[in-house]
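Take a look at the structure below.
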Amino acid sequence: MGSHYEAPIREPLVTGNKTYHQISVDVARPIEGAANKQWWIVFGIALILFLWGIVCIIYTISTGIGTWGLNKTVGWAWDITNFVWWVGIGHAGTLISAVLLLFRQKWRMGINRSAEAMTIFSVIQAGLFPIIHMGRPWLAYWIVPIPNTFGSLWVNFNSPLLWDVFAISTYLTVSLVFWWTGLLPDFAMIRDRAVKPFQKKIYSLVSFGWSGRAKDWQRFEEVSLVLAGLATPLVLSVHTIVSFDFATSVIPGWHTTIFPPYFVAGAIFSGFAMVQTLLIVMRKVCNLEDYITVQHIELMNIVIMITGSIVGCAYITELFIAWYSGVEYEQYAFLNRATGPYWWAYWAMMTCNVFSPQFMWVKKLRTSIVFSFVISIVVNIGMWFERFVIIVTSLHRDYLPSSWTMFSPSFVDIGIFLGTIGFFFVLFLLYARTFPVIAQAEVKTILKSSGDNYKKLRDKK
Amino acid sequence: MANKYIHAIYDDDDKLLDAVKNLMNNKVNIEEVFTPFPVHGLDHILDLKPSRIAIAAFIYGCIGITFGLLMINYIMIVDWPMNIGGKPSFSLLENLPAFVPVIFELTVFFAAHLMVITFYLRSRLWPFKKAENPIPETTDDKFLIQIPVYGNENEIKSVLKKTDLFEMSIIDMKKDKNSYDHDNGQIKEESKYSDITIGFVFHSRKYADGSSNLRIQFTKGRGQQYAKNSGLRIFRKHWISKKNEVSDKHVDYIKINKNLNELKIKIENARNSFIDGTIDFEDAYKSIIN
């Protein structure tokens, strides 16, 4: 058992005296069983929201962007706020599976599958906003550099908005293959257990005929490692590029060099908060408390606390640099944020993002499931306000005081946002019932080193 | 390709590693090892060559970076240079900082996708591809070594018997492509993986009172599986799966166990006559249900 040694001081990551077979059974249970009433209720609500979002999108496209609350001064508001918010949430998945893989953090194995699923689903939501904001979404393909027949005009590679196109599409597709490659052995496990012929057929199809040969596993591990190595700079680049949308402009409050690291930290912060929200519910509903333990929740809380503090530092640095720069427009932009007509949004952001994660210094609070859940929601609200504050408060006081105005969302703005939340949960709820939500093949590799029964056995010796 | 294979099955990764070491030391030719998860160190013991897929990914990345540079150079510098905010539009090098993000993304895009495609093709993974693990349990908790037999069956067996086997089976491709010819006399009394398996399972749906239908499940080889209601409706918590009967806490347990015994006799008869070859799978299935 020498090769399975792990320091006894480390808490077990898999509890409940699991065997390899028991892991398969536990992971397959939500797929093989029938959905309960609560699932249908939540799914129904999500579906209604989603359908309402579709109605609002159809209304927007058929009538025009004028149905939104935008005006001449505030030309970007809820749509871009929601876009950045969803992209940010989509950062935890790849961070958990790629960065934590490179750092050999075994605790990622209980949560990476769902975090990656969440990444993909939220990037899909994010992608919707720029496309519908185009006004004529059927021409969305004009953003790709195609030899065009409309005249000799190409897309502009100097523009951060085009960088976004490349960054988001690369991120979405690479996350998708990373996720699916990891899913193959787990789909194969479900396939080989399936009793109903239809289930067997579907899981045979999606498992790509995975058989688990020694050579396949060797390649699988190397592909996972290289993909993690590629995805790590990718995940950092994506939110960096999203921040360039603002940072390369000349709007006071936007053109700051701190934006890339500050946005990346904020993205990880909000992404982990969303993973926390989803997994605290999922571990209970799917009986996965043995795989997503309180220790997992605690570690995620620590990440939330640290990234929340980084974000807090960035807020304060921004204020300091605005003052220190001596540029009065810059100084006004930040003074206006904190004390202007949108002061409530600024202080909501400060309270949710900077103060609330500081509770996590207390061990008792960060190991409390209810408290973690509440904080994860608070952080997600705070991160939405962060983007709102950056975007709307920087725009609403234009260079000419005659253009000064306020922004208020129309029911369509709100409807589309709620629609994406509905869409996200529709996808996630379907995922939770049809996909192996724990990377069971990976968890089996750490069972002997981090399973509670094996640890106890070693301690006795 | 050999006509005869020995499948040595283990229920633990460490037992598998010891067995593979043993076989390699005895110069037994191992054709394939199927495992439910990556067993650390197995590739070294099997003397598998290191995978070159990382090198391939590096080359793909180089292709991506070259493609990005050439494309942007053509579009922005050669074909239609534009004065955008006074940026140097006629020189790739001077304008490069603004092109770095897209070139970087394309590098990652090419490296990641082409590597994954290479992996899928090399390991023969694609939609509609049929799985090739000989028994379904190798994706769950069993580890299987596939050894081709070229007249050295007894030598291989004697090596295998020294290892901590869970089970061993002989597959003769000449007789039937999918059938298992068992040689378990000295290893185990009865095989879990006989050609036909008949057992009891519960229907996944519960009735309002918490009971479920007990079904009889028939499995042949990998592909065919049927489940039919046995006509019994019982509480799952009182089921003793080892004995295939209900405990005395169940109401009507005497009656239920009596019915179960009748079923078991039917199943036993059907299984025996199937193994003898007097009836086929369909008949075996019908003889129990009707």
Side-chain angles (χ1 to χ4, degrees), chain A residues 1 3 19-21 24 32-34 145 152-158 162-163 166-167 170 173-174 177-178 181 184-185 188-189 191-193 195 197 204-223 226-227 230-231 233-234 237 241 244 441-442 444-445 448, chain B residues 13-14 32-43 46 48 51 53-54 57 71-72 75-76 79-80 82 84 87 95 98-99 101-102 104-106 108-109 111-113 115-116 119-120 122-133 136-141 201 204-205 217 225 227:
Chain A
M1 268 217 188
S3 63
T19 59
Y20 293 139
H21 180 64
S24 310
E32 290 168 352
S152 300
L153 203 61
W154 292 95
V155 287
N156 177 12
F157 283 91
N158 290 306
L162 187 71
W163 304 346
F166 280 86
T170 303
T173 57
V174 171
V177 295
F178 197 5
T181 304
L184 294 179
M189 183 277 284
R191 170 198 73 204
D192 288 345
R193 278 175 59 87
V195 180
S204 302
L205 178 68
V206 293
S207 63
F208 290 6
W210 176 267
S211 309
R213 290 189 189 82
K215 188 72 192 175
D216 294 349
W217 280 119
Q218 188 201 34
R219 291 197 187 109
F220 178 91
E221 292 218 287
E222 186 142 330
V223 165
V226 177
L227 271 181
L230 288 167
L234 177 66
S237 82
I241 289 174
F244 284 163
E442 281 192 275
K444 284 173 184 171
T445 64
K448 282 193 174 173
Chain B
D13 45 339
D14 292 317
E32 205 61 77
V33 180
F34 295 90
T35 63
F37 56 81
V39 177
H40 197 71
L42 180 63
D43 49 346
L46 280 172
L48 293 183
S51 166
I53 212 149
M71 179 182 75
I72 291 179
I75 292 175
M76 296 300 289
D79 190 47
W80 194 272
M82 280 183 292
I84 298 157
K87 285 176 184 152
N95 217 347
F99 299 151
V102 172
F104 170 76
E105 299 299 332
L106 284 171
V108 172
F109 188 90
H113 287 294
M115 172 179 68
V116 170
F119 166 52
Y120 286 178
R122 290 291 285 134
S123 283
R124 308 180 61 74
L125 301 164
W126 49 77
F128 299 106
K129 173 84 178 21
K130 269 215 153 54
E132 285 161 358
N133 44 337
E137 284 81 356
T138 59
T139 53
D140 177 9
D141 62 343
V201 291
S204 58
R205 195 148 295 169
Q217 182 177 289
Q225 193 160 48

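Reminder, nothing fancy here: chain letters follow the sequence lines and each chain counts from 1. We use all heavy atoms of the structure for the numbers below, so side chains are in, but hydrogens, waters and symmetry mates are not. Keep in mind that this is a model prediction, so the values were computed, not measured.
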Please rank [options] by heavy-atom pairs under 4.5 Å with chain B and give me the top one.
{"options": "A:Pro185, A:Gly212, A:Ala231, A:Ala34", "result": "A:Gly212"}
{"options": "A:Thr181, A:Val206, A:Leu184", "result": "A:Thr181"}
{"options": "A:Glu442, A:Met189, A:Lys215, A:Arg213", "result": "A:Arg213"}
{"options": "A:Gly33, A:Pro145, A:Ser237", "result": "A:Ser237"}

Write down the atom of [X], the atom of [Y], and the distance for their closest heavy-atom approach.
{"X": "B:Ser123", "Y": "A:Asp216", "answer": "OG-OD1, 3.0 Å"}
{"X": "A:Lys444", "Y": "B:Asp140", "answer": "NZ-O, 2.7 Å"}
{"X": "A:Val177", "Y": "B:Tyr120", "answer": "O-OH, 4.3 Å"}
{"X": "A:Ala214", "Y": "B:Glu32", "answer": "N-OE2, 4.1 Å"}
{"X": "B:Pro36", "Y": "A:Ala441", "answer": "O-CB, 3.8 Å"}
{"X": "A:Gln218", "Y": "B:Ser51", "answer": "NE2-N, 3.7 Å"}

Might you work through the side chain to side chain contact (heavy atoms under 4.5 Å, CB included) test for A:Thr173 and B:Phe109, ending with a clear yes or no?
-> CA-CA 8 Å; A:Thr173 57; B:Phe109 188 90; 3.5 Å; yes
Point-to-point distance, once rounded to the nearest 0.5 Å, from [atom1] of [X] to [atom2] of [Y]:
{"X": "A:Asn158", "Y": "B:Met76", "atom1": "CG", "atom2": "CE", "result": "4.0 Å"}
{"X": "A:Arg191", "Y": "B:Thr139", "atom1": "CZ", "atom2": "OG1", "result": "6.0 Å"}
{"X": "A:Leu234", "Y": "B:Glu105", "atom1": "CG", "atom2": "CD", "result": "5.5 Å"}
{"X": "A:Glu221", "Y": "B:Asp43", "atom1": "CD", "atom2": "CG", "result": "8.0 Å"}
{"X": "A:Leu227", "Y": "B:Met115", "atom1": "CG", "atom2": "CE", "result": "3.5 Å"}
{"X": "B:Phe34", "Y": "A:Trp217", "atom1": "CZ", "atom2": "CH2", "result": "12.5 Å"}

Highest number of heavy-atom pairs under 4.5 Å with chain A among B:Leu125, B:Val108, B:Thr138 belongs to B:Leu125
What option among B:Asn95, B:Asp141, B:Ile75 has the most heavy-atom pairs under 4.5 Å with chain A?
-> B:Ile75
Less than 4.5 Å to any heavy atom of chain A: does that hold for the side chain of [X], its backbone, both, or neither?
{"X": "B:Arg124", "result": "backbone"}
{"X": "B:Leu42", "result": "side chain"}
{"X": "B:Ile53", "result": "both"}
{"X": "B:Ala57", "result": "side chain"}

For the pair A:Trp163 (side chain) and B:Ala98 (backbone), establish whether a donor and an acceptor sit closer than 3.5 Å, ignoring hydrogens and angles.
-> yes
Does A:Val174 reach the side chain of B:His113, with side-chain heavy atoms less than 4.5 Å apart?
-> yes
Do the non-hydrogen side-chain atoms of B:Phe104 and A:Phe166 ever get within less than 4.5 Å of each other?
-> no
Give the ring-plane orientation class for B:Phe99 versus A:Phe157, where under 30° counts as parallel, over 60° as perpendicular and anything between as tilted.
-> perpendicular
Check each atom of A:Leu230 against the heavy atoms of chain B and say whether the ones under 4.5 Å are side chain, backbone, both or neither.
-> both
